[in-house]
Engineer: 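One structure is given below, represented as structure tokens, and several questions about it will come after.
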Amino acid sequence: MSRQHFDSLDFKILEMLSSNARKPFLEIARETNVSGAAIHQRIQKLTASGIIRGFESMIDPAAVGYETCAYIGFILNDPTKFDEVVKRLREIPEVVECHFTTGTYDIFAKIFARNNAHLLEVIHKKLSLGLGRTESLISFKEVFKRPIPILAENMD
């Protein structure tokens, strides 16, 4: 997507929503001294243009039974098979992110599993795509996660 032109109100709205996606529109309106209708229209415009891609709840994976987080790097024998691999990865519920990368790996995926035994099962039964080789990294603990910085000085 090409870079969009934003004004300071757009950036303020994005900043507020990135720190709390459930922040009420009327609260945003009060804090920005703009009408609730104007905030609603701006958020609709930001959503329609693809800047806001949705609102999500952040769920603690361990609290719902997914105690193992792993990153899998895929080295494809034939990089033209990228779309095929991505299609197959999309069908595996444990794969929560997939990235096309430079460097050692052609594709890098983030996976959540119930435990190490489940991770091994996912790797052997679901990720054996026969198109190359993989390397796995297990995360012991997510130290922090944050949204991208939304700063008004990025308007230029």
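Along the sequence shown, the residues carry numbers beginning at 1.
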Engineer: Within this structure, what is the CD-CD1 distance for the pair E31 and I13, rounded to the nearest 0.5 Å?
Structural biologist: 11.5 Å

Engineer: If you take all heavy atoms of R114 and Y66, which pair is closest and at what distance?
Structural biologist: N-CD2, 3.8 Å

Engineer: List the atom of G36, the atom of L26, and the distance in Å for their closest heavy-atom pair.
Structural biologist: CA-CD2, 3.9 Å

Engineer: Within the supplied structure, the quantity of interest is the number of heavy atoms (other residues, nucleotides, ligands) at a distance under 6.0 Å from F55 CZ; does it exceed 12?
Structural biologist: yes

Engineer: Please find the pair of heavy atoms, one from R88 and one from S128, that lie closest to each other, and give the distance.
Structural biologist: NH2-O, 4.5 Å

Engineer: When the ring centroid of F108 is compared with that of H99, is the distance short of 6.0 Å?
Structural biologist: no

Engineer: Are M58 and F112 grouped together when hydrophobic residues (ILVMFWY) are joined by side-chain heavy atoms under 4.5 angstrom apart?
Structural biologist: no

Engineer: Quiz question: by atom type and distance under 3.5 Å, do the side chains of H118 and E94 form a donor-acceptor pair?
Structural biologist: yes

Engineer: Would you compute the distance between atom OG1 of T47 and atom CZ of R42 and round it to the nearest 0.5 angstrom?
Structural biologist: 13.0 Å

Engineer: Specify the closest pair of heavy atoms between L46 and F6, including all atoms of both residues, with the distance to one decimal.
Structural biologist: CD2-CE2, 3.8 Å

Engineer: Starting from V96, can I reach V64 by hopping between I/L/V/M/F/W/Y residues whose side chains sit under 4.5 Å apart?
Structural biologist: yes

Engineer: Looking only at heavy atoms, what is the nearest atom pair of M16 and T32, with distance?
Structural biologist: CE-CG2, 3.7 Å

Engineer: Y105, I123: one ILVMFWY side-chain cluster at the under-4.5 Å cut-off?
Structural biologist: no

Engineer: Taking atom CG of L119 and atom CD1 of I72, what is their separation to the nearest 0.5 Å?
Structural biologist: 6.0 Å

Engineer: Assess whether atom NZ of K126 is packed by more than 12 heavy atoms of other residues, nucleotides or ligands within 6.0 Å.
Structural biologist: yes

Engineer: Would you confirm whether S18, through its side chain, and E15, through its main-chain N or O, come within 3.5 Å as a donor-acceptor pair?
Structural biologist: yes

Engineer: Between D10 (side chain) and D7 (backbone), is there a donor-acceptor pair under 3.5 Å?
Structural biologist: yes

Engineer: Would you indicate whether E91, at its atom CD, is surrounded by more than 12 heavy atoms from other residues, nucleotides or ligands within a distance under 6.0 Å?
Structural biologist: yes

Engineer: Would you say I111 and Y71 are hydrophobically clustered, going by side-chain heavy atoms of ILVMFWY under 4.5 Å?
Structural biologist: no

Engineer: If you group Ile, Leu, Val, Met, Phe, Trp and Tyr by side-chain heavy-atom gaps below 4.5 Å, do V122 and V85 land in one group?
Structural biologist: yes

Engineer: Measuring from K12:NZ to L9:CG, what's the distance to the nearest 0.5 Å?
Structural biologist: 10.0 Å

Engineer: Do the side chain of D106 and the main chain of L76 share a donor and acceptor less than 3.5 angstrom apart?
Structural biologist: yes

Engineer: Run the numbers on N116 and T68 for side-chain hydrogen bond (donor to acceptor under 3.5 Å, both in side chains), then give the verdict.
Structural biologist: CA-CA 6 Å; N116 288 349; T68 300; 3.3 Å; yes

Engineer: Is the F82 to F100 ring centre distance short of 6.0 Å?
Structural biologist: yes

Engineer: Distance from K81 atom NZ to I107 atom CD1, nearest 0.5 Å?
Structural biologist: 12.5 Å

Engineer: Please report the closest heavy-atom contact between K23 and L17, naming both atoms and the distance.
Structural biologist: O-CD2, 4.3 Å

Engineer: To the nearest 0.5 Å, tell me how far C69 SG sits from K110 NZ.
Structural biologist: 5.0 Å

Engineer: Applying side chain to side chain contact (heavy atoms under 4.5 Å, CB included) to I75 and T134, what does each step give before you reach the verdict?
Structural biologist: CA-CA 6 Å; I75 303 164; T134 63; over 6 Å; no

